[in-house]
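Here's the structure, in structure tokens; my notes come after.
Just so it is clear, the values below take in all heavy atoms, side chains as well, and ignore hydrogens, waters and symmetry mates. Everything numeric here is computed off the predicted structure, so don't read it as measured data. Just so we're on the same page: letters track the sequence lines, and every chain starts at 1.
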2 protein chains.
Amino acid sequence: MSEQITEKQRNALEFIQKEINERGRPPTLREIGSRIGVSSTNGVRYVLDALERKGYLERSPMLSRGIELTSRSMPRTEQAKMRLVPVLGRIAAGMPLLAEQNIERHVTVDRSIAKSDDTFALSVRGDSMIDAGIHEGDVIFARPQNSADSGDIVVALLGDEATVKYFKPQGDRVLLEPANRYFSPIIIEKGTPGFRILGKVVGLMRKI
Amino acid sequence: MSEQITEKQRNALEFIQKEINERGRPPTLREIGSRIGVSSTNGVRYVLDALERKGYLERSPMLSRGIELTSRSMPRTEQAKMRLVPVLGRIAAGMPLLAEQNIERHVTVDRSIAKSDDTFALSVRGDSMIDAGIHEGDVIFARPQNSADSGDIVVALLGDEATVKYFKPQGDRVLLEPANRYFSPIIIEKGTPGFRILGKVVGLMRKI
DNA sequence: AAATATACGGAACATCCGTTCATGTGTCAA
DNA sequence: TTGACACATGAACGGATGTTCCGTATATTT
């Protein structure tokens with residue numbers, strides 16, 4: 001499968017990738033030929049046969065421009081590696097978290113941070129988590145979940161205000177602990193109405 | 001320009017978008033026709049004429065699958081709010097900064113952070129900037145420039161080691177100041193060989 | 001040396017595919 | 001009604017494009 005490819009084959013493959021990316025359609029045999037310096041369509045066919053045999057592309061017989069790239073030679077790495085994440089603003093109580101009206105804007109972020117497709121984001125207000133390296137204005141990314149492990153940094157909803165804190169359950173209470181010695185922990189009795197864990201913080205992004 | 005399009009035209013446009021996205025090539029007139037329920041190629045041609053007139057696509061005459069989408073009809077998620085940024089590893093002295101061999105991997109990031117297209121990234125090693133909220137393992141983004149203003153956070157090259165520090169020029173010396181009271185500033189005499197400012201830090205990304 | 005495989009060139013062929021033309025349908029205004 | 005126009009069918013035409021067949025040149029193998 002993972003065989004070596006020749007210079008000519010690599011040229012052809014790169015040309016095909018470029019054409020699909022820039023023009024939205026694969027080239028014809030003759031177009032490929034004139035690019036890689038092969039004058040007969042049969043020569044090009046030969047090159048494509050080799051690339052297909054080695055698993056870099058697939059062809060549909062008797063179809064004009066019937067070349068498809070396989071995942072290994074996909075130039076769409078750009079698309080695949082990113083995710084469009086909604087940034088929440090004020091959160092209207094009672095609405096689903098990702099309701100249109102809660103969404104302020106969208107940011108793109110690498111999938112290594114936004115692993116699940118329901119990841120959401122939040123602009124940080126205030127300095128309460130500064131000792132955890134979370135500053136005012138940072139955009140934090142969170143994975144939705146309604147509980148968390150002790151010590152996790154979570155996004156919690158208090159009324160219609162979302163807040164970022166360390167999560168510390170203590171018996172029948174929950175401590176939301178800031179990372180700033182000038183701030184006091186928030187103590188929540190279990191079952192307090194309007195209190196909810198929205199998710200666990202999994203990443204952050206900062207403009208400096 | 002911004003005219004209304006009919007149901008049939010919208011169907012055709014969406015089908016074309018889908019085909020280009022999923023198969024990497026535009027459909028033929030007959031393929032479009034069978035999808036939108038128009039049996040003659042001339043009927044399809046009529047629909048495409050309308051879409052071209054209204055600015056949703058462009059066609060190359062006498063070319064199989066010669067349809068190109070204009071920017072306005074690109075699906076939104078691809079509408080590149082993002083940028084693919086190279087993450088540098090060890091930096092080989094004497095090589096251009098973005099030389100292939102310096103690049104460890106790529107990450108996608110929102111354009112609001114990577115504004116210029118020569119933005120580069122770096123994995124942070126060590127805790128020397130922790131009081132600036134820059135932690136070990138963070139990926140920082142920098143815009144290339146060979147000088148900076150006092151107080152800027154910069155990426156500097158010392159030999160083949162890149163380091164992130166506050167930039168504080170002092171007469172004929174340069175102070176590279178850490179944001180950690182347990183670390184000492186680095187003092188560089190002007191003209192020291194192997195010393196170079198690589199860029200100014202403009203953003204960061206963290207996986208938690 | 002003979003045989004075989006690789007890597008093309010060149011031309012004929014068959015199919016694909018956009019274009020054109022002749023010919024309806026409806027709808028709407030004059 | 002009449003005529004103009006938007007929208008479609010169907011068929012025929014011709015250029016675009018993949019396929020096939022035959023040949024050649026070089027290298028590798030037997």
Side-chain angles (χ1 to χ4, degrees), chain A residues 1-20 22-70 73, chain B residues 1-20 22-70 73:
Chain A
M1 256 309 181
S2 198
E3 305 171 47
Q4 211 64 8
I5 63 175
T6 70
E7 177 75 8
K8 196 157 284 192
Q9 289 164 11
R10 201 173 48 73
N11 278 341
L13 189 59
E14 282 173 4
F15 177 58
I16 295 168
Q17 289 171 345
K18 191 162 85 61
E19 286 294 297
I20 291 183
E22 292 178 7
R23 306 190 170 230
R25 61 173 173 258
T28 65
L29 294 188
R30 287 161 182 86
E31 286 168 356
I32 298 172
S34 83
R35 162 57 75 102
I36 64 173
V38 171
S39 70
S40 90
T41 55
N42 192 32
V44 176
R45 194 183 163 68
Y46 192 87
V47 172
L48 293 186
D49 277 344
L51 285 172
E52 186 166 20
R53 203 165 358 91
K54 293 174 185 175
Y56 290 91
L57 49 82
E58 286 172 15
R59 286 183 298 164
S60 312
M62 291 313 301
L63 212 64
S64 75
R65 305 172 188 272
I67 302 174
E68 287 187 58
L69 296 176
T70 56
S73 51
Chain B
M1 260 301 184
S2 197
E3 304 171 48
Q4 210 65 9
I5 62 174
T6 69
E7 177 76 8
K8 195 157 287 194
Q9 288 165 12
R10 199 171 50 72
N11 278 341
L13 190 58
E14 282 172 5
F15 178 57
I16 295 168
Q17 289 171 348
K18 190 161 85 61
E19 288 293 300
I20 291 183
E22 293 178 6
R23 305 189 170 234
R25 62 172 174 257
T28 66
L29 295 189
R30 286 163 182 85
E31 286 169 357
I32 298 172
S34 84
R35 162 58 76 103
I36 65 173
V38 171
S39 70
S40 90
T41 55
N42 193 32
V44 176
R45 193 183 162 68
Y46 192 89
V47 172
L48 292 186
D49 278 343
L51 284 172
E52 187 166 20
R53 205 167 354 93
K54 294 175 185 174
Y56 290 90
L57 50 83
E58 286 172 15
R59 285 183 297 165
S60 313
M62 293 312 300
L63 211 67
S64 75
R65 307 172 188 271
I67 301 174
E68 286 188 59
L69 296 177
T70 56
S73 51

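Using a 4.0 Å cut-off, no side-chain N or O of R45(A) falls inside it from OP1 or OP2 of dA7(C). For dG18(C), neither phosphate oxygen OP1 nor OP2 lies less than 4.0 angstrom from any side-chain nitrogen or oxygen of R59(B).
Protein atom NZ of K54(A) is 11 Å distant from nucleotide atom P of dT6(C), rounded to whole Å. Between E52(A) atom CD and dT19(D) atom C1' the separation is 14 Å, expressed in whole Å. Rounded to an integer number of Å, the gap from CG of L57(B) to P of dG18(C) is 13 Å. Atom pair R53(A):CZ and dA5(C):P shows a separation of 13 Å (rounding to whole Å applied). In this structure, CG of L29(B) is placed 15 Å from C1' of dG10(D), rounded to the nearest angstrom. At whole-Å resolution of the value, CD1 in I32(A) and P in dC8(C) are 13 Å apart. Separating the CG atom of D49(A) from the P atom of dT19(D) is a distance of 9 Å, rounded to the nearest angstrom.
If you check the side chains of T41(A) and R30(A), you find no donor sitting under 3.5 Å from an acceptor.
Using a cut-off of 4.0 Å between Lys/Arg side-chain N and Asp/Glu carboxylate O, E14(A) and K18(A) are scored as not salt-bridged. In summary, E52(B) and R45(B) do not engage in a salt bridge, as defined by a charged side-chain N under 4.0 Å from a carboxylate O.
Among dT20(D), dT19(D), dT19(C), the nucleotide with an atom closest to any side-chain atom of N42(A) is dT20(D). The R30(B) side chain lies nearest to dA12(D) when the options are dG9(C), dA12(D), dT19(D). Closest to the side chain of Y46(A), out of dA7(C), dG10(D), dG18(C), is dA7(C). Listed nucleotides: dG18(C), dG10(D), dT6(C). Nearest to the side chain of S39(B): dG10(D).
The closest side-chain heavy-atom distance from K54(A) to L13(A) is not below 4.5 Å. Under the 4.5 Å side-chain criterion, counting only non-hydrogen atoms from C-beta, R59(A) is in contact with L57(A).
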Can you pull every protein N or O that's under 3.5 Å from an N or O on nucleotides 14-16 of chain C?
none

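Taking the nucleotide of DNA chain D with the nearest heavy atom to each of S60(A) and G37(B), the more 5' of the two is matched to G37(B).
Side-chain to base pairing of T41(A) with dT17(D): no donor and acceptor N or O lie closer than 3.5 Å to each other.
Contact record, A12(A) with L51(A): CB-CD1, 4.3 Å, taken as the closest heavy-atom pair.
Rounding to the nearest 0.5 Å gives a distance of 12.0 Å between CD1 of I16(B) and CD of E68(B).
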